[in-house]
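Read the structure below first, then the notes.
Naming convention: chains lettered A, B, ... in sequence-line order (proteins, then strands); numbering from 1 in each chain. These figures come from a predicted structure and were not determined experimentally.
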2 protein chains.
Amino acid sequence: MSKEGATQSPHPADDFMLEKFLPYRLSLLSNTISGGISSAYRKLYELSVTEWRVVAILGRYPGLTATEVTERGAMDKVAVSRAVKRLEERGLVERGEHDADRRRLPLVLSPGDGQRLFRDVMPRALAYERQLLASLSAEEREMFGRLVGKLQSAAQRLNEKD
Amino acid sequence: MSKEGATQSPHPADDFMLEKFLPYRLSLLSNTISGGISSAYRKLYELSVTEWRVVAILGRYPGLTATEVTERGAMDKVAVSRAVKRLEERGLVERGEHDADRRRLPLVLSPGDGQRLFRDVMPRALAYERQLLASLSAEEREMFGRLVGKLQSAAQRLNEKD
DNA sequence: TCATAATAGTTTCACTTGTAACTATTTGCA
DNA sequence: TGCAAATAGTTACAAGTGAAACTATTATGA
């Protein structure tokens with residue numbers, strides 16, 4: 001593992017170490033977690049991550065249009081459109097009609113399968129989150145949530161002026 | 001934005017809110033950050049995320065084989081293979097020969113363009129990270145890194161026994 | 001020593017994804 | 001009113017991705 005000795009300095013080429021690079025670590029963490037959760041509902045229901053998110057959002061906010069789902073989930077417009085299409089084909093989501101604007105299609109989970117799916121999968125996801133957070137103390141959890149929020153704002157600010 | 005009033009309870013249907021769901025928040029944060037960084041090097045060098053990671057790893061650990069790069073970056077074997085191929089075609093990475101095992105191809109950044117790319121892009125990525133972390137205090141930074149580590153271990157443990 | 005298993009890396013194929021272009025409808029304003 | 005611009009959502013195309021099959025090479029052990 002130590003191919004070159006301490007050729008240069010006490011902390012060898014320490015200016016960049018991928019393992020300590022925060023963006024990399026966050027990506028790794030996020031992928032690990034998403035993988036863990038999706039393996040649960042993917043096996044059971046054959047849902048993609050986007051589909052699952054749409055279900056989660058519609059379960060919480062019935063009647064949103066596709067665009068509103070997009071906004072709420074910070075997802076891609078096309079991705080949502082496709083997810084909704086597949087969910088509708090499988091009878092999990094239904095499209096209604098908007099009174100004033102015929103372009104907008106309010107979406108709801110279907111009373112039968114859609115809502116059942118929501119009520120079944122959601123607890124699993126929450127259980128995973130709970131188990132995950134069990135590795136932290138209450139103060140750590142609180143702190144972590146706060147810091148994630150701070151970083152999210154900071155990242156958005158950084159990306160804007162670019 | 002407030003479509004339905006407080007129809008149900010003081011904390012309306014509070015059992016699941018995507019906005020507070022940690023896996024979702026982390027995914028959002030990671031995507032925002034990755035997007036910010038990649039927009040920097042993508043414009044300049046036309047590098048994909050995987051290619052950039054390979055460059056970062058090889059810059060830090062010259063002479064790794066593709067498999068070792070895969071392990072170090074928690075990346076897909078195929079993705080690395082393709083990234084290396086494109087990087088080699090563009091003269092950014094070179095493949096050497098392994099003394100004992102002709103299956104293994106040690107990889108290095110090319111002395112000219114490859115290392116120049118590394119020296120040019122890396123500071124930008126680090127600068128982004130620095131700006132991002134500037135939104136936290138020193139203690140918060142330390143704490144955040146620690147918590148990310150804890151969660152990463154916890155998530156791996158959770159995913160294993162499954 | 002020879003056959004089988006294991007490993008490094010590549011290629012193929014089917015599927016997913018994002019960008020851009022498109023249709024349908026509504027809004028803004030001259 | 002009526003026409004250009006904006007918006008909701010879909011479609012098309014190109015590029016990216018992973019799983020599995022494949023080649024080449026090395027390790028194992030009867």
Side-chain angles (χ1 to χ4, degrees), chain A residues 27 30-32 34-35 38-39 41-43 46-54 57-58 61 63-90 93-108 159, chain B residues 1 3 27-28 30-32 34-36 38-39 41-43 45-54 57-58 61 63-90 93-108:
Chain A
S27 161
S30 173
N31 286 343
T32 306
S34 291
S38 76
S39 80
Y41 60 71
R42 220 168 27 199
K43 281 172 197 159
E46 297 285 331
L47 289 179
S48 78
V49 174
T50 309
E51 286 162 3
W52 141 258
R53 278 195 186 168
V54 170
I57 292 173
L58 289 180
Y61 304 99
L64 290 190
T65 66
T67 298
E68 289 165 332
V69 169
T70 297
E71 288 161 1
R72 210 162 263 290
M75 293 183 285
D76 185 63
K77 187 172 65 159
V78 177
V80 170
S81 169
R82 284 193 273 238
V84 167
K85 186 179 177 190
R86 258 172 310 185
L87 289 169
E88 194 191 23
E89 285 167 357
R90 295 176 54 189
V93 161
E94 296 176 356
R95 310 184 204 222
E97 292 190 5
H98 194 279
D99 312 324
D101 191 339
R102 272 187 296 172
R103 293 170 305 178
R104 303 181 185 206
L105 305 175
L107 304 168
V108 293
N159 292 2
Chain B
M1 187 123 287
K3 187 160 206 165
S27 161
L28 199 58
S30 173
N31 285 344
T32 307
S34 291
S38 78
S39 81
Y41 59 73
R42 223 172 21 202
K43 281 173 198 157
Y45 290 96
E46 296 286 330
L47 288 180
S48 77
V49 173
T50 309
E51 286 162 5
W52 141 258
R53 279 196 184 166
V54 169
I57 292 175
L58 288 181
Y61 305 100
L64 290 190
T65 66
T67 299
E68 289 165 332
V69 169
T70 297
E71 288 162 1
R72 210 163 260 290
M75 293 183 286
D76 185 63
K77 189 173 65 160
V78 177
V80 169
S81 170
R82 285 193 271 239
V84 167
K85 185 180 178 190
R86 257 171 310 183
L87 289 170
E88 193 191 22
E89 284 166 358
R90 295 175 53 191
V93 160
E94 296 176 355
R95 309 184 203 223
E97 294 189 3
H98 194 279
D99 312 325
D101 191 339
R102 271 187 295 172
R103 292 170 305 179
R104 303 180 183 209
L105 305 175
L107 304 168
V108 293

**Prompt:** Can you check whether A:Ser81 has a side-chain N or O nearer than 4.0 Å to OP1 or OP2 of D:dG9?
**Reply:** no

**Prompt:** What nucleic acid atoms does B:Asp101 come within less than 4.0 Å of, heavy atoms only: base, sugar-phosphate, or nothing?
**Reply:** sugar-phosphate

**Item:** B:Trp52 CH2 to D:dG16 P, straight-line distance once rounded to whole Å
**Value:** 19 Å

**Asked** Which of these, A:Val54, A:Leu58, A:Ile57, sits in a side chain to side chain contact (heavy atoms under 4.5 Å, CB included) with A:Leu107?
**Response** A:Leu58

**Message:** Reading DNA chain C from 5' onward, which residue's closest nucleotide shows up sooner: A:Arg86 or A:Arg102?
**Reply:** A:Arg86

**Message:** Using a heavy-atom cut-off of 4.0 Å across all strands, would you classify B:Lys85 as base, sugar-phosphate, or nothing?
**Reply:** sugar-phosphate

**Request:** Look at the side chain of A:Arg103 and the base of D:dT7, then say whether one donor and one acceptor between them are separated by less than 3.5 Å.
**Result:** yes

**Request:** Assess whether one donor atom and one acceptor atom, taken from the side chain of A:Arg95 and the base of D:dG9, lie less than 3.5 Å apart.
**Result:** no

**Message:** Using heavy-atom distances to pick each residue's nearest nucleotide on DNA chain D, tell me which of A:Arg82 and A:Pro106 is more 5'.
**Reply:** A:Pro106

**For B:Ser27, side-chain contact (heavy atoms from CB on, under 4.5 Å) partners two or more places apart** = A:Ser30, A:Arg53, B:Asn31

**Prompt:** Can you check whether A:Arg104 has a side-chain N or O nearer than 4.0 Å to OP1 or OP2 of D:dT7?
**Reply:** no

**Prompt:** Contact class for B:Ser48 vs. all strands (heavy atom < 4.0 Å): base, sugar-phosphate, or nothing?
**Reply:** nothing

**Request:** Could you check which of D:dA19, D:dT10, C:dG9 has an atom nearest any side-chain atom of A:Val78?
**Result:** D:dT10

**Reported NZ-to-CG distance for the pair B:Lys85 and B:Leu87, which is rounded to 0.5 angstrom** = 12.5 Å

**Asked** Are A:Arg90 and A:Leu47 side-chain neighbours, meaning at least one heavy-atom pair lies under 4.5 Å?
**Response** yes

**Earlier contact from the 5' end, DNA chain C, for A:Ala79 and B:Leu105** = B:Leu105

